[in-house]
Structure formats: C-alpha cells, structure tokens
Amino acid sequence: MELPVLSEETVSFAFERSKEMLEMLVDFKELRMMYTCAIKEVKTKFEVLDTEFKVRYRRNPISDIESRLKSNQSILEKMERRHIPFSLENVEKNINDIAGIRVICSYIDDIYLLADALSAQDDIKILEVKDYIKNPKPNGYRSYHMIVSVPVFFAENRRNMKVEVQIRTIAMDFWASLEHQMKYKKEIPDQGEISARLQHCANGIAAIDQEMLALREKIEAAEDKPTEEDILVEKLMKIDVPLY
Ligand code: 0O2
C-alpha cells in the first residue's frame, strides 16, 4: 500500500499538535501531584485535631480518615456531563473534588466540631458548604460537605488547592457505601423497591445517630463532678497518654 505524501505544512501542524498534547499531559501529571499534596495537608490537619482531642478530652472524635485522588476517567466523565471543554484551567476551575477527604466520626456533634475547628484555621478558606445532614437529599443521603482551599508550599512556589471534605458518621458512611454500589450497577431488578428500603434505612440511621448522641450526653452528664484532686490526677494521667 502506498502511503500518501503529506505536505510540509501538514507534518509541521501534526508535530506541533503532538508537542502540545505531550506538554498538556506533563502539566496534568504535575497538577495531580499538587492535589496529592493538598490531600496530605488537610489530612494532617484532621489528624492533629484528633490527637489534640485525645489528650484534652480522652476521646477520639475521628474513627477513620479516607482520601482519594479522583481518577482521570471520572474527571473526564464529569467534564463531559457538564459540557465543559477539556483544558487544565477548566479542570481546576470546575472540578472541585479532584482531591477528596472523607472523615468518619462516631457522633453527629463531632462532625460540626471538626468542621468548625477546620474553618477557624486562618490558612483555610471555605469555598462552599453543603449540609446534607440538616438538608438530606431526597434519596436519604446524609453527609456534611465542604470545599476548602488550602495553601501548599512547593520548592519554588505556593499554590492554593481545592479539596473536597466529606464528614459523616459511621452509620451515614455505611449507608452511602451501599447506595453508591447500587448507583453504579446498571441493571438492578426491583431498583424502585431497593431505593424505597434504602430511604427507610436512612431515616432509621438518622434516628439512631440522634439517640446515640443523646445517650452519650446523658452518660457524660451522670459522671460525677470532679474534685480538685480528681482534676490534678486527670492532668497527671494525660501526661501518660501515648500519642501514637
Ligand atoms: P465519586 O464517585 O464519589 O468520586 P461539586 O463536586 O460540588 O462540583 P456535586 O458532585 O453535585 O458537585 O457535589 P455534591 O453533591 O457535594 O457531591 C459530591 C460527592 O458526594 C459525590 O461525588 C459523592 O461522593 C457524594 N454524594 C453526593 N450525593 C450522593 C448520594 O446521593 N449518594 C452517595 N452514595 N454519595 C453521594 P461524585 O462526583 O458522585 O463522585
């Protein structure tokens, strides 16, 4: 088969396009590295708060911290769904959850405690808050979402990076995992019935979360008021609390 002869202009155009594509790929990899570092920054902030609480109140507000960098495929799909043309600027501007952190707590009050403590840090800027606990989604989804901007210091520059923070209870997380699994299955028999039962479970979970908090508060209130001696002994005990 005889190959067509390409004009000098066409070859030069193709070369320039491939060069541009390669440059974009390199920049995209660099951007992902920056988001990975932003995850580390925010994760450390939550770990610090958890450690502080452990020493101060002998109680851990955080049960688990998960983090993830959104896959390239999910980024592309989200851009396509929103009809946004692909460019690095557009990705950074429009996709808020490339860096994602999920903080799992035992009790609902800890969610707000952590959200307030993070918001009070003066290097953190809160760009958006969605309180799906006070305003659950129609399907029953409950979780507290924040989009924050955090400064990350690199060798030669400082970049403010966006991170999506989701804070929820263990029970809310348990529910969201199953609902997420259903959403990504294309063909499910009785989907309507499953959705209705999930919604029912979401209401049950919300009631149990409230009841567990009320019970904890009752138990805490029933604990004897400490004497001065108790306070001193408590302070001495804190010195022995292992931090890791
Ligand atoms: P994935 O697969 O979880 O990474 P925004 O991100 O603010 O520009 P969006 O996506 O409408 O716009 O924001 P929202 O409502 O805060 O949702 C963000 C994430 O919350 C979702 O990410 C899910 O992780 C979670 N989420 C929101 N609604 C639901 C729900 O009804 N069920 C479950 N299980 N999770 C939910 P993505 O983008 O879906 O991707």
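Just so you know, ligand 1 is whichever comes first in the structure, and atom 1 is the first atom listed for that ligand. Starting from 1, each residue takes its place in the sequence as its number.
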Closest protein heavy atom to [atom], given as residue, atom name and distance to 0.1 Å:
atom                    : value
atom 35 (N) of ligand 1 : Tyr141 CE1, 3.3 Å
atom 18 (C) of ligand 1 : Glu164 OE2, 3.2 Å
atom 39 (O) of ligand 1 : Tyr184 OH, 4.3 Å
atom 28 (N) of ligand 1 : Lys137 NZ, 2.8 Å

Worksheet entry | Step-by-step side chain to side chain contact (heavy atoms under 4.5 Å, CB included) determination, Ile98 to Lys162 | CA-CA 8 Å; Ile98 297 177; Lys162 279 192 256 183; over 6 Å; no

Atom indices of ligand 1 within 4.0 angstrom of [X] heavy atoms, with elements:
X      : value
Glu128 : 7 (O)
Lys70  : 4 (O), 38 (O), 40 (O)
Asn96  : 8 (O)
Asn139 : 30 (C), 31 (O)
Lys183 : 29 (C), 30 (C), 31 (O), 32 (N)
Asp97  : 22 (O), 38 (O)
Lys78  : 6 (O), 10 (O), 38 (O)
Arg68  : 4 (O)

Worksheet item: Heavy-atom count around Arg197 CZ within 6.0 Å, excluding the residue itself: above 12?
Response: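 Atom CZ in Arg197 is not crowded, with 12 or fewer foreign heavy atoms closer than 6.0 Å.
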
Between [X] (side chain only) and [Y] (backbone N and O only), is there a donor and an acceptor less than 3.5 Å apart?
X      : Y      : value
Asn60  : Ile62  : no
Gln199 : Pro138 : yes
Asp190 : Glu193 : no
Asn90  : Pro85  : yes

Worksheet item: So, does Tyr132 sit close enough to ligand 1 that a heavy atom of it is under 4.0 Å from the ligand?
Response: yes

Mode of [X] contact toward ligand 1 - side chain, backbone, both, neither (heavy atoms, under 4.0 Å):
X      : answer
Ile95  : neither
Arg82  : side chain
His180 : both

Fill in: Minimum non-hydrogen distance to atom 13 (O) of ligand 1, winning option of Arg102, His145, Lys130, Lys162
Lys130

Decide whether an N or O pair under 3.5 Å exists between [X] and ligand 1.
X      : answer
Gln166 : yes
Ala176 : yes
Glu179 : yes

Worksheet item: Is any side-chain N of the basic residue among Lys130 and Glu128 closer than 4.0 Å to the acidic one's carboxylate O?
Response: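 Salt bridge: yes.
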
Practice prompt. Flag the pair Asp109 and Arg216 as a salt bridge only when some basic side-chain nitrogen lies within less than 4.0 angstrom of an acidic carboxylate oxygen.
Written response: yes

Fill in: Candidate list Tyr132, Tyr141, Tyr144, test side-chain hydrogen bond (donor to acceptor under 3.5 Å, both in side chains), partner Arg168, passing option
Tyr141

Worksheet item: Is NZ or CZ of Lys70 both nearer than 6.0 Å to the six-membered ring centre of Tyr35 and within 45° of the ring axis?
Response: no

Item to complete: Using the rule that two of Ile, Leu, Val, Met, Phe, Trp, Tyr join whenever any of their side-chain heavy atoms come within less than 4.5 Å, decide whether Ile147 and Val91 are in one cluster.
Response: no

Worksheet item: Under a 4.5 Å cut-off applied to non-hydrogen side-chain atoms, are Leu113 and Tyr107 in contact?
Response: no

